[in-house]
J.: 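Before I ask anything, here is the structure I am working with.
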Protein chains: 2
Amino acid sequence: MASDTDTLPRRTVLSDLTAARPASRYEQVKHYITERIASGEWGVGSRLPSENELVETLGVSRMTVHRALRELMGEGIVTRAQGVGTFVARPAPRAEVLELRDIADDIQAGGGRHRSRVVLLETIRADGHLALAFDQRPGVKLFHSVLIHYEDDTPLQIEERFVSPHFAPDYLDQDFATTHPHRYLFQISPPHEVEHVIFAVTPEAEQQALLELDGPEACLQLVRRTWVEGRVVMRGVFTYPGSRYSFGGRRQT
Amino acid sequence: MASDTDTLPRRTVLSDLTAARPASRYEQVKHYITERIASGEWGVGSRLPSENELVETLGVSRMTVHRALRELMGEGIVTRAQGVGTFVARPAPRAEVLELRDIADDIQAGGGRHRSRVVLLETIRADGHLALAFDQRPGVKLFHSVLIHYEDDTPLQIEERFVSPHFAPDYLDQDFATTHPHRYLFQISPPHEVEHVIFAVTPEAEQQALLELDGPEACLQLVRRTWVEGRVVMRGVFTYPGSRYSFGGRRQT
DNA sequence: TTGATGGGGTTGTATAGACTTACCTAGAGT
DNA sequence: ACTCTAGGTAAGTCTATACAACCCCATCAA
């Protein structure tokens with residue numbers, strides 16, 4: 001069949017795309033596929049037409065279809081198995097976390113509603129351990145704040161911070177109902193250096209109460225120190241219920 | 001039928017490589033090129049032989065050479081310009097691969113003595129959840145291993161891995177008393193992409209026993225997936241007692 | 001001197017066809 | 001129930017060929 005069409009420049013399903021863009025055929029095939037995946041016509045886990053079927057549908061050679069599919073696999077859009085077929089892959093490319101992010105953005109990115117409550121805002125004098133974290137001597141003055149962050153009225157994080165007054169002299173005067181410590185500090189200066197340490201802890205009774213936990217559920221604890229101009233300016237302890245949060249990141253090597 | 005010596009229809013520069021490994025031709029071409037770049041024979045910025053020259057030298061078709069070069073460009077090894085040529089690209093952007101560390105190195109770096117014990121080594125079929133993690137369909141065959149890592153005879157980590165047989169067909173035959181899964185897998189190929197997710201969990205009774213915990217102590221759980229050539233090749237679940245381990249990192253911004 | 005033209009080399013894309021390899025299933029034989 | 005085998009399907013690879021797009025440079029003309 002169709003042996004008489006050698007001379008035609010191939011008028012196919014793709015032809016309208018060709019008119020819109022002089023993109024190469026294999027890119028058009030990729031677009032054809034990703035569009036159907038994005039629209040939900042081909043759901044996650046469902047099987048795509050085989051290479052040969054796409055050849056017939058789109059009127060291109062199998063090598064072209066193959067290249068499109070191979071590149072889509074490299075991009076993580078589909079997965080392929082020899083002898084089986086091609087399938088729609090990942091539902092949601094995971095966002096980069098463990099960077100320096102505002103939890104309010106984090107919650108809103110996930111579709112949740114964020115609010116926070118200030119529990120404490122005071123000046124303290126550092127004991128030995130805390131002073132060490134700041135590379136200072138015991139007794140040095142530090143600002144201390146404790147907030148709770150809620151996602152849809154469920155506590156998601158206890159945010160406890162110690163801030164160097166030298167860096168943020170007006171820290172105690174801020175209205176952290178409208179802005180947040182993260183934003184305020186970041187606005188003064190983005191840190192030049194950041195240290196993260198992550199622990200698993202069993203929460204104290206006080207933390208359990210703040211997070212409204214029923215029992216001694218395992219919690220993630222992230223301790224962050226930030227430097228500006230070689231000096232520690234902030235030490236934050238962020239506590240999350242293990243059942244409600246996780247840290248993640250994905251990157252190429 | 002398995003005709004045993006179908007490997008050498010062509011006697012070329014590549015033939016010895018062919019004998020050593022039944023890798024595909026375009027991979028052999030990639031290897032041929034990367035080896036010369038690594039050895040310094042082709043220095044940074046220097047021009048590679050043209051596709052047609054490589055065709056003559058290596059005795060493969062131009063499409064095969066082209067695929068090899070295209071993939072090397074995708075990996076950032078070379079740069080290409082239409083009408084100009086192909087050039088050696090990166091000096092050594094090998095930086096910070098070391099978030100992917102061997103726990104044995106980790107323990108020994110801290111002055112501890114490391115030993116490990118193999119608990120399980122088997123083939124399984126993936127259920128729905130696991131198959132999804134591999135972007136595969138339920139029922140796909142996977143290798144499954146469980147090891148315990150000790151620091152000075154104290155359990156520090158439960159290492160549970162699921163490995164794609166396609167990537168590491170000989171996984172079950174390894175002696176993980178002498179080498180470790182991490183090293184073995186890394187040696188086959190360093191991953192092109194890595195995903196980390198960190199949880200806090202309360203361990204099951206079985207995990208408590210393996211870690212020799214007295215009670216339901218909070219544990220850190222690191223779930224790692226690694227990709228090679230766009231495919232998930234490994235999913236690892238690493239469980240640490242919260243009192244004995246933490247994750248950390250420090251970097252400039 | 002400046003600008004246009006064109007040829008040769010190089011990568012980019014596309015095709016048809018063949019063969020290989022891997023997976024799955026159904027059926028036959030324990 | 002279990003294992004083995006054969007056949008079908010689909011992706012993986014490789015080849016030979018063709019043309020397109022692009023860059024560089026030499027040549028030639030204004």
Side-chain angles (χ1 to χ4, degrees), chain A residues 2-3 5-10 12 14 18 21-30 33 47-56 58-74 78-87, chain B residues 1-10 12 14 18 21-30 47-56 58-74 78-87 123 125-126 131 134-142 164-167 169 229-231:
Chain A
S3 58
T5 57
D6 313 313
T7 52
L8 296 182
R10 291 202 174 267
T12 70
L14 300 178
T18 319
R21 260 201 180 189
S24 51
R25 283 204 208 279
Y26 77 91
E27 280 175 334
Q28 294 175 42
V29 174
K30 285 174 71 174
I33 293 167
R47 191 175 143 187
L48 272 63
S50 74
E51 294 188 356
N52 281 323
E53 285 167 348
L54 286 170
V55 163
E56 270 213 14
L58 304 179
V60 298
S61 79
R62 195 184 142 221
M63 285 298 292
T64 302
V65 170
H66 181 74
R67 175 168 178 185
L69 288 171
R70 178 151 46 83
E71 293 198 357
L72 287 177
M73 186 178 71
V78 303
T79 59
R80 322 194 69 199
Q82 198 171 129
V84 185
T86 305
F87 304 86
Chain B
M1 286 292 235
S3 65
D4 45 7
T5 55
D6 47 355
T7 47
L8 294 181
R10 287 175 176 273
T12 71
L14 300 179
T18 320
R21 271 197 178 188
S24 51
R25 285 206 204 283
Y26 77 91
E27 280 174 334
Q28 295 175 41
V29 174
K30 284 174 72 174
R47 191 176 145 183
L48 271 64
S50 75
E51 293 187 357
N52 281 322
E53 284 167 349
L54 286 170
V55 163
E56 268 212 16
L58 304 180
V60 297
S61 79
R62 196 186 141 220
M63 285 300 292
T64 303
V65 169
H66 181 74
R67 175 166 178 185
L69 288 171
R70 179 152 43 84
E71 293 200 356
L72 287 176
M73 186 176 65
V78 303
T79 56
R80 320 196 70 200
Q82 195 172 135
V84 185
T86 306
F87 304 85
T123 304
R125 286 194 175 269
F134 274 81
D135 293 331
Q136 298 283 342
R137 290 201 305 176
V140 68
K141 260 193 284 191
L142 294 173
S164 164
H166 189 271
F167 175 68
E229 287 174 6
R231 293 199 156 148

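Every chain is numbered from 1 and lettered A, B, ... according to where its sequence line falls, protein lines coming before strand lines.
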J.: Round to the nearest Å and state the distance from A:Leu54 atom CG to D:dT9 atom C1'.
T.: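 Computing the A:Leu54:CG to D:dT9:C1' distance gives 15 Å.
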J.: Side-chain N or O of A:Tyr26 versus OP1/OP2 of C:dA14: is the shortest distance under 4.0 Å?
T.: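 No, A:Tyr26 has no side-chain N/O under 4.0 Å of OP1/OP2 on C:dA14.
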J.: With a 3.5 Å cut-off and just heavy-atom distances, do the side chain of B:Arg25 and the base of D:dG12 make a donor-acceptor pair?
T.: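 In this structure, the two groups form no donor-acceptor pair.
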J.: Can you tell me if B:Ser24 touches the phosphate of D:dG12, counting only side-chain N or O atoms and a distance under 4.0 Å to OP1 or OP2?
T.: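 For B:Ser24, the contact criterion (side-chain N or O under 4.0 Å from OP1 or OP2 of D:dG12) is not met.
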J.: Test your reading of the model: is there a side-chain donor-acceptor pair from A:Thr79 to the backbone of B:Asp135, 3.5 Å cut-off?
T.: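 Checked: pair present.
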J.: Treating B:Glu71 as the side-chain partner and B:Ala68 as the backbone partner, does any N or O pair qualify as donor plus acceptor under 3.5 Å?
T.: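 No, B:Glu71 side chain to B:Ala68 backbone: no donor-acceptor pair under 3.5 Å.
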J.: Within the distance-only criterion (no hydrogens, no angle test), does the side chain of A:Glu56 pair as donor or acceptor with the backbone N or O of A:Glu53 below 3.5 angstrom?
T.: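 No: the side chain of A:Glu56 does not pair with the backbone of A:Glu53.
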J.: Nearest-Å distance, CD (B:Glu56) to C1' (C:dT10)?
T.: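 It is 15 Å, rounded to the nearest whole Å.
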J.: A:Arg62 has an atom CZ; how far is it from atom P of D:dT13, in whole Å?
T.: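 Value for this atom pair: 11 Å.
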J.: Take atom NZ of B:Lys30 and atom C1' of D:dT13, then tell me their distance rounded to the nearest Å.
T.: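 Distance check: B:Lys30 NZ to D:dT13 C1' gives 14 Å.
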J.: Among the nucleotides D:dG12, C:dT10, D:dA16, which one has an atom lying closest to any side-chain atom of B:Arg47?
T.: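 Selected nucleotide (nearest to the side chain): C:dT10.
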J.: When you measure from the side chain of A:Glu51, which nucleotide among C:dA14, C:dT11, D:dA11 comes out closest?
T.: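 The answer is D:dA11, which lies nearest to the side chain.
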J.: 5'-most contact on DNA chain C: B:Arg125 or B:Met73, nearest heavy atom basis?
T.: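 Closer to the 5' end of DNA chain C: B:Met73.
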J.: What I'd like to find out is whether the side chain of B:Leu48 reaches to under 4.5 Å of the side chain of B:Leu69, using heavy atoms alone.
T.: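 B:Leu48 reaches B:Leu69 side chain to side chain.
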J.: Whole angstroms only, please: what is the CG-P distance between B:Asn52 and D:dC19?
T.: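 The answer, rounded to whole Å, is 16 Å.
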J.: Taking the side chain as C-beta and beyond, is there a heavy-atom pair between B:Arg70 and A:Arg67 under 4.5 Å?
T.: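 Yes, close enough: below the 4.5 Å cut-off.
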J.: Could you go over nucleotides 22-25 of chain D and give all protein N or O partners under 3.5 Å, atom names and distances?
T.:
unit_1	atom_1	unit_2	atom_2	d
D:dC22	O4'	B:Gln82	OE1	3.2

J.: What I'd like to find out is whether the side chain of B:Val60 reaches to under 4.5 Å of the side chain of B:Val29, using heavy atoms alone.
T.: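 The answer is yes; the side chains approach within 4.5 Å.
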J.: B:Leu58 CG to D:dT15 C1': how many Å, rounded?
T.: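 Going from CG in B:Leu58 over to C1' in D:dT15 covers 15 Å.
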J.: Side chains of A:Leu54 and A:Ile33, heavy atoms from C-beta outward: is any pair under 4.5 Å?
T.: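 A:Leu54 reaches A:Ile33 side chain to side chain.
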J.: Look at A:Arg80 and D:dG12 and indicate whether a side-chain polar atom (N or O) is within less than 4.0 Å of OP1 or OP2.
T.: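 A:Arg80 to D:dG12 OP1/OP2: side-chain N or O found under 4.0 Å.
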J.: With sequence neighbours left out, what residues match B:Met73 under side chain to side chain contact (heavy atoms under 4.5 Å, CB included)?
T.: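 Listed in chain order: B:Val78, B:Arg80.
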J.: Kindly give the heavy-atom pair with the smallest separation between B:Gln136 and A:Ala81, and that separation in Å.
T.: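 Closest approach of B:Gln136 to A:Ala81: OE1-CB, 4.4 Å.
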J.: In residues 63-70 of chain B, which ones come under 4.0 Å of DNA chain D, going by heavy atoms?
T.: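 Heavy-atom cutoff 4.0 Å gives B:Met63, B:Thr64, B:Arg67.
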J.: Reading DNA chain D from 5' onward, which residue's closest nucleotide shows up sooner: B:Glu27 or A:Pro49?
T.: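 By nearest-heavy-atom nucleotide position, the 5'-most residue is A:Pro49.
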